[in-house]
**Student:** 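Take this structure, written in structure tokens, and hold onto it; I'll ask about it next.
Ligands are counted one by one from 1 in listed order, and the atoms in each one are counted from 1 as well. Throughout, residue positions are numbered sequentially from 1 according to the sequence presented.
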Amino acid sequence: MPGMQRDMADAHGRTNGNIGDRADSPNGVEPAETLDVVVVGAGFAGVYLLHKLRKAGFNTKIIEAGAGLGGIWWWNAYPGARVDSQYPIYALSLPEVYEDWNWSSHYPDHVELRAYFEHIDKKLQIKKDTVFNNKVVRATFDESEDMWFIECDTGRTFKARHFIACLGFAAKRHFPDWEGLDSFQGEIHHSSFWPHEGVDVRGKRCGVVGTGATGVQITQEWAREIGEEGNLKMFQRTPNLACPMNQVFLTEEEQKKDKETYPELFNQRWQNYNGFLYQYRPEMMFEASEMDRNELFDTLWKMVGRPLEPHLIEPLSDMEIRRAASDF
Ligand SMILES: Cc1cc2nc3c(=O)[nH]c(=O)nc-3n(C[C@H](O)[C@H](O)[C@H](O)COP(=O)(O)OP(=O)(O)OC[C@H]3O[C@@H](n4cnc5c(N)ncnc54)[C@H](O)[C@@H]3O)c2cc1C
């Protein structure tokens, strides 16, 4: 199936095997590399952990299935993929990283995110301790040695006292088992294995399946790219709502000033239930006047249409309040 690599980063390779039953290396050639910590995954979580653990004196390496840094941003290179968290919170809170980095806008796209990871590497030297193109397929703990034994699909093996899986939430992809898919003669792409060089859709007949954030993002980009001769259809099972992004472009000057407030903003995240700059406000829904409630909706609306995100505003079951948010 062109464009699709099945099961690339399915992280569920752990078994109850006994480390004592195996040679250090499955092919008996290279002995296992011994470390203090093995971190799996080179997304935000793994990169930050590597930095912190090295500073704390642990001999640490990241093992990553992909060929570059960025985690989900490495794989999800589809058109329109972008951040929806409010600037400047979707970034590392390390001054040495943000002091000379500037974003183009409040909601940067995947290309900029990958460039950001290259910048992180320049500042923190992450790649030198990252083993790319290696998928961990097995991790077993040997109680007699008090060590993890970690095996990759390439045959490389590692031993470590600590094993930390930073796999994100989407490393195990969903592949539909639709009849006829295997014999389809056209090109098929999966949004999370998107070719970095892009897909040329000009003048072609294309279909996008699904109307979650991904489907909406691809469709609105392709609608522009496909041209008069092309034909684009989006297949929707369940109607969805899409709100305006309210994109804001940024200058370097503005950010220079903003950076003075970063430490305070990054600190503020710890006060909120989700690590962002907004808070769950049930009292605003049940006790506030309509005017106050609309004021809150207005604030949230300016943050990428967030009044429609039910978890922010109310218990999921309250239809009256959901209606108020939807009407707004
Ligand atoms: C389009 C899009 C927009 C998003 N926007 C936002 C946003 O605005 N705000 C927000 O908070 N979140 C957003 N997210 C969620 C995003 O997943 C997280 O913010 C964050 O990037 C996750 O980082 P992570 O390090 O936990 O995991 P990931 O970035 O998912 O990294 C996990 C890594 O582990 C690797 N891996 C998995 N299994 C194995 C294995 N067995 N062996 C070796 N390597 C393995 C994978 O290859 C991957 O590189 C968005 C996600 C997408 C797709």
**Student:** Are Phe117 and Phe44, when compared by the centres of their aromatic rings, separated by less than 6.0 Å?
**Tutor:** yes

**Student:** Thinking salt bridges, do Lys257 and Glu254 make one under a 4.0 Å N-O criterion?
**Tutor:** no

**Student:** Once the angle between the rings of Trp101 and His119 is folded into 0 to 90°, is it parallel (under 30°), tilted (30 to 60°) or perpendicular (over 60°)?
**Tutor:** tilted

**Student:** Please confirm whether Trp75 comes within less than 3.5 Å of ligand 1 when only nitrogen or oxygen atoms on both sides are compared.
**Tutor:** yes

**Student:** Please confirm whether Trp74 and His110 have ring centers closer than 6.0 angstrom.
**Tutor:** no

**Student:** May I ask you to check if ligand 1 and Ala45 share an N or O to N or O distance below 3.5 Å?
**Tutor:** yes

**Student:** Determine, using heavy atoms of Tyr107 and all atoms of ligand 1, whether some pair is separated by less than 4.0 Å.
**Tutor:** no

**Student:** I'd like to check which ligand 1 atoms, numbered from 1 as shown, lie under 4.0 Å from a non-hydrogen atom of Phe169.
**Tutor:** 15 (C), 17 (O)

**Student:** Compute the shortest N/O to N/O distance between Glu64 and ligand 1 and return yes if it is under 3.5 Å, no if not.
**Tutor:** yes

**Student:** Do Tyr87 and Trp103 have ring centres separated by under 6.0 Å?
**Tutor:** no

**Student:** Give a yes/no verdict on whether any heavy atom in Cys166 is under 4.0 Å from an atom of ligand 1.
**Tutor:** yes

**Student:** Please list, in number order, the atoms of ligand 1 under 4.0 Å from a heavy atom of Ser85.
**Tutor:** 7 (C), 8 (O), 9 (N), 10 (C), 11 (O)

**Student:** Could you check whether any heavy atom of Phe44 sits closer than 4.0 Å to an atom of ligand 1, since that is the contact criterion I want to use?
**Tutor:** yes

**Student:** Quick one: look at Tyr78 and ligand 1, take heavy-atom pairs under 4.0 Å, and tell me if it's side chain, backbone, both or neither.
**Tutor:** side chain

**Student:** Considering only heavy atoms of Phe276, which atoms of ligand 1 have at least one such atom less than 4.0 Å away?
**Tutor:** 11 (O)

**Student:** Gly41 heavy atoms, cut-off 4.0 Å: which ligand 1 atoms fall inside?
**Tutor:** 33 (C), 34 (O), 35 (C)

**Student:** Which ligand 1 atoms does Ile63 reach within 4.0 Å, using its non-hydrogen atoms?
**Tutor:** 43 (C), 44 (N)

**Student:** What part of Val40, side chain from CB on, backbone N/CA/C/O, both or neither, has a heavy atom under 4.0 Å from ligand 1?
**Tutor:** side chain

**Student:** Under a heavy-atom criterion of less than 4.0 Å, does Arg82 contact ligand 1?
**Tutor:** yes

**Student:** May I ask which of Trp74, Phe132, Tyr90, Trp73 has a heavy atom nearer to atom 19 (O) of ligand 1 than the others do?
**Tutor:** Tyr90

**Student:** Tell me, please: is Val47 in heavy-atom contact with ligand 1, that is, under 4.0 Å?
**Tutor:** no

**Student:** Please tabulate, one pair per line, all N/O donor-acceptor pairs under 3.5 Å involving side-chain atoms of residues 88-96, not counting sequence neighbours.
**Tutor:**
{"from": "Tyr90", "atom 1": "OH", "to": "Trp73", "atom 2": "NE1", "distance (Å)": "3.0"}

**Student:** Pick, from Gly46, Gly168, Ala171, the option with the minimum heavy-atom distance to atom 30 (O) of ligand 1.
**Tutor:** Gly168

**Student:** Any idea which atoms of ligand 1 are less than 4.0 Å away from a heavy-atom of Asn134?
**Tutor:** 43 (C)

**Student:** Under the side chain to side chain donor-acceptor pair (under 3.5 Å) test against Arg54, which residue among Asp129, Thr60, Asn59 passes?
**Tutor:** Asp129

**Student:** Which residues satisfy the ring-ring contact (aromatic ring centres under 6.0 Å, His included) test with Phe132, sequence neighbours excluded?
**Tutor:** none

**Student:** Do His162 and Trp148 have ring centroids that are under 6.0 Å from one another?
**Tutor:** no

**Student:** Angle between ring planes, Tyr262 versus Phe266, binned at 30° and 60°: parallel, tilted or perpendicular?
**Tutor:** perpendicular

**Student:** Would one find more than 12 heavy atoms of other residues, nucleotides or ligands at under 6.0 Å from atom CZ of Arg269?
**Tutor:** yes

